[in-house]
Amino acid sequence: ALTLTPSSSDTNLVPVASIVLGGSGSDRTVTVAPAPGRSGSTEIRVLVSDGTLGTTETFTVTVLPPGTVAGTMFSDGADCSIKESPAIEKSTDATVDVGARGSFPWVERCAVFAFPMPDLGPIRNPFSDATFTFNYVGKNATLRDYDLYGLGRRAGSTVLPSDYYAESATPHPTDATRLQTDILTDHTPVGLVSTSAGGGVSLMAYLNDQYARGAGAGEYGFLRINSTSPKSGVNYATLTMSEGGGGGPPDTRPRISYQA
């Protein structure tokens with residue numbers, strides 16, 4: 001017979017007695033009840049043993065303060081790359097390349113993600129935390145540095161050729177807001193990439209600005225990843241788009257996780 005033993009890394013937040021195991025056989029459930037008035041994160045571990053061998057499954061539980069809403073905005077199917085002509089391309093592809101490809105003098109590309117804004121009511125600055133996460137598949141040659149921008153909201157999710165920008169470290173002189181410099185560099189490990197602490201703060205401020213006390217609810221915000229220096233040859237990064245992302249684990253869908 002199998003024995004299941006739960007544990008919590010923070011028993012003040014989630015006491016072991018508040019971890020209830022249910023089900024039978026291969027179909028099991030875990031119900032977690034936090035201590036009253038507590039908030040934070042804890043790792044829940046469930047050890048499965050037959051008395052000789054054992055294995056452990058671990059997951060994180062986050063308990064938000066009262067009145068806080070957690071949500072995720074997943075990138076819309078309109079996400080795509082834009083080449084320098086400018087022209088929209090690969091709007092239905094699983095991945096896109098950002099950087100320079102093709103024959104001399106090479107063609108530069110950036111990537112744009114479209115996110116539907118939630119309806120949080122007519123509230124000023126409802127977002128209290130935000131993180132953008134995307135999946136970095138790989139690279140060709142030595143990467144230049146790439147910045148993250150937020151673009152002005154629009155009623156529809158359509159990405160425009162005029163959203164193109166690249167090959168410059170100077171902030172884009174439009175309605176675009178640079179949220180994080182060097183979100184992707186030659187030293188970035190392959191896999192999931194998220195905004196830094198500072199980038200998250202900038203993203204939160206951008207979302208609050210685009211939400212505009214509810215005027216932006218149901219409309220779309222746009223995030224762009226583009227190079228910051230002139231191309232000198234073929235070098236590009238491959239990113240997963242909404243059509244190629246999966247719920248995982250790991251979850252490779254481009255997304256904005258937020259608290260409000």
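In this structure, the side chains of Phe59 and Val30 come closer than 4.5 Å at one or more pairs of heavy atoms. The shortest distance between side-chain heavy atoms of Ile225 and Phe113 falls below 4.5 Å. Side-chain contact between Asn235 and Thr142 is absent, with no heavy atoms from C-beta onward closer than 4.5 Å. Contact annotation: the side chain of Pro6 approaches that of Leu21 to within less than 4.5 Å [non-hydrogen atoms, C-beta and beyond].
With hydrogens and angles ignored, the 3.5 Å screen pairs a side-chain donor or acceptor of Asp119 with a backbone N or O of Gly121. Thr228 places a side-chain N or O within donor-acceptor distance of the main-chain N or O of Asp145, the cut-off being under 3.5 Å. Between the Arg255 side chain and the Arg253 main chain, a donor and an acceptor come within less than 3.5 Å of each other. Thr195 places a side-chain N or O within donor-acceptor distance of the main-chain N or O of Phe132, the cut-off being under 3.5 Å. In terms of modelled atom types and a separation under 3.5 Å, the side chain of Glu84 and the main chain of Glu108 share a donor-acceptor contact. The closest donor-acceptor contact from the side chain of Asn208 to the backbone of Phe127 lies under 3.5 Å. At distances below 3.5 Å, not a single donor-acceptor pair connects side-chain atoms of Arg109 with backbone N or O atoms of Ala166. Proximity of a side-chain donor or acceptor of Thr181 to a complementary backbone N or O of Asp147 within less than 3.5 Å is not detected. With hydrogens and angles ignored, the 3.5 Å screen pairs a side-chain donor or acceptor of Tyr206 with a backbone N or O of Leu151. Put simply, the side chain of Asp163 gets close to the backbone of Leu160: a donor and an acceptor are under 3.5 Å apart.
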- Message: side-chain contact (heavy atoms from CB on, under 4.5 Å), that's the test. Do Asp76 and Phe222 meet it? Break it down for me.
- Response: CA-CA 10 Å; Asp76 185 87; Phe222 301 84; over 6 Å; no
- Message: Set out, in order, the CA-CA distance, both residues' side-chain angles and the distance that settles side-chain contact (heavy atoms from CB on, under 4.5 Å) for Asp93 and Met241, then state yes or no.
- Response: CA-CA 7 Å; Asp93 286 24; Met241 306 304 278; 6.0 Å; no
- How far apart are the C-alpha atoms of Gln210 and Glu219, what are their side-chain angles, what is the distance that settles it, and do they pass the side-chain contact (heavy atoms from CB on, under 4.5 Å) test? CA-CA 9 Å; Gln210 299 305 309; Glu219 297 193 350; over 6 Å; no
- Task: List the steps, then state whether side-chain contact (heavy atoms from CB on, under 4.5 Å) holds for Leu203 with Leu207.
- Result: CA-CA 6 Å; Leu203 176 59; Leu207 291 174; 4.2 Å; yes
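Screening residues 50-63 for side chain to side chain donor-acceptor pair (under 3.5 Å) gives Ser41-Thr62 as the qualifying pairs, with residues at least two apart or on separate chains.
For the atom pair OG of Ser49 and CG of Leu4, the computed distance is 9.5 Å after rounding to the nearest 0.5 Å. Note: Ile19 CD1 to Thr31 OG1 = 10.5 Å, rounded to the nearest 0.5 Å. The distance from the OH atom of Tyr146 to the CD1 atom of Ile183 is 13.0 Å, given to the nearest 0.5 Å. Note that OG1 of Thr177 is 14.5 Å distant from CD of Gln180, once rounded to the nearest 0.5 Å. Atom CG of Leu143 is separated from atom NE2 of His187 by 10.0 Å, given to the nearest 0.5 angstrom.
Looking at Asp79 and Ser242, their side chains do bring a donor and an acceptor atom within 3.5 Å of each other. Judged purely by distance below 3.5 Å, without hydrogens or angles, the side chains of Arg38 and Asn12 never pair a donor atom with an acceptor atom.
Sparse packing is recorded around CZ of Arg213, with 12 or fewer heavy atoms of other residues, nucleotides or ligands lying under 6.0 Å away. Applying the 6.0 Å contact sphere to NZ of Lys231 captures more than 12 heavy atoms from other residues, nucleotides or ligands.
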For residues 94-107, please give each side-chain donor-acceptor pair under 3.5 Å, one per line with the distance, not counting sequence neighbours.
unit_1, atom_1, unit_2, atom_2, d
Asp97, OD1, Thr238, OG1, 2.7
Asp97, OD2, Arg101, NH1, 2.4

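Tyr136 and Pro189 get closest at one heavy-atom pair: CD2-O, 3.4 Å. What you find for Ser227 and Arg144 is that their closest heavy atoms are OG-NH1, 3.6 Å. Residues Gly216 and Met117 come closest through the heavy atom pair O-CB, 3.3 Å.
Between His172 and Tyr149, the ring-plane angle classifies as perpendicular under the 30° and 60° cut-offs.
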